[in-house]
Amino acid sequence: MTDDPFSLAVPEGWTVETDVDTDEASAKTVYESPDSDRRVTITEFARGLTLYWWVDIFAFADGEWHRREVGLGDSYRDADAVSDAAQDALDRLSVSGERVESIADD
């Protein structure tokens, strides 16, 4: 487990991993549930001199990860906004019985 670069309140039992891909000029932070069936990811990337972030929710089913997006696929340009979106997703997914389908539809 690595330190959380976004300083989120990570629910008990969830893990945080950060992967930096210098070839693609991007970084990904993955928050994974204790039972490894839910993930919230933050992907940071640059276009020109501007930083952007995506926040995605994934559910593991039928042997593969299925993506659901927070904010209907919006990219964020403000670090506070991306942290708020990711924290909201973590909070809602960590609630007992809350499933991915109740966070975002297909």
Side-chain angles (χ1 to χ4, degrees):
M1 185 162 127
T2 61
D3 290 340
D4 178 8
F6 294 93
S7 300
L8 301 184
V10 180
E12 186 175 333
W14 284 64
T15 60
V16 180
E17 291 188 24
T18 300
D19 177 31
V20 177
D21 185 349
T22 55
D23 292 336
E24 295 294 324
S26 66
K28 184 175 284 189
T29 302
V30 178
Y31 304 86
E32 190 168 307
S33 67
D35 51 6
S36 298
D37 70 345
R38 293 164 286 165
R39 283 183 176 173
V40 174
T41 66
I42 300 174
T43 304
E44 178 180 295
F45 60 99
R47 293 288 185 258
L49 298 176
T50 304
L51 281 177
Y52 295 90
W53 295 270
W54 283 320
V55 177
D56 296 306
I57 296 174
F58 291 85
F60 192 77
D62 303 323
E64 62 185 55
W65 288 100
H66 299 274
R67 184 171 59 131
R68 308 290 195 269
E69 292 206 33
V70 175
L72 303 175
D74 291 342
S75 58
Y76 296 89
R77 292 183 6 185
D78 178 74
D80 290 334
V82 75
S83 293
D84 289 346
Q87 186 67 63
D88 182 55
L90 281 175
D91 291 346
R92 293 178 65 191
L93 286 172
S94 68
V95 172
S96 178
E98 188 87 16
R99 303 311 300 170
V100 170
E101 291 77 15
S102 66
I103 303 288
D105 296 326
D106 283 330

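Numbering starts at 1 and runs along the sequence shown. The shown structure was predicted, so the numbers you read here are calculated from the model rather than taken from an experiment.
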In the single-linkage hydrophobic clustering (I, L, V, M, F, W, Y; side-chain heavy atoms under 4.5 Å), do [X] and [Y] co-cluster?
X     : Y     : answer
Tyr76 : Leu51 : yes
Phe6  : Val30 : no
Leu8  : Val16 : yes

Minimum heavy-atom separation for [X] and [Y], please, with both atom names.
X     : Y     : result
Ile42 : Trp53 : CG2-CD1, 3.8 Å
Val55 : Ala86 : CG1-CA, 4.0 Å
Pro34 : Glu12 : CG-O, 4.0 Å
Asp78 : Ala81 : OD2-N, 2.8 Å

Would you give the length of the straight line joining atom CZ of Arg39 to atom OG1 of Thr29, rounded to the nearest 0.5 angstrom?
12.5 Å

Could you measure the distance from the CD atom of Glu32 to the CZ atom of Phe60? Nearest 0.5 Å is fine.
9.5 Å

Side chain to side chain contact (heavy atoms under 4.5 Å, CB included) partners of Ser33, counting only residues at least two apart:
Trp14, Asp35, Asp37, Arg38

Look at the aromatic rings of Tyr52 and Phe45 and report parallel, tilted or perpendicular, splitting at 30° and 60°.
parallel

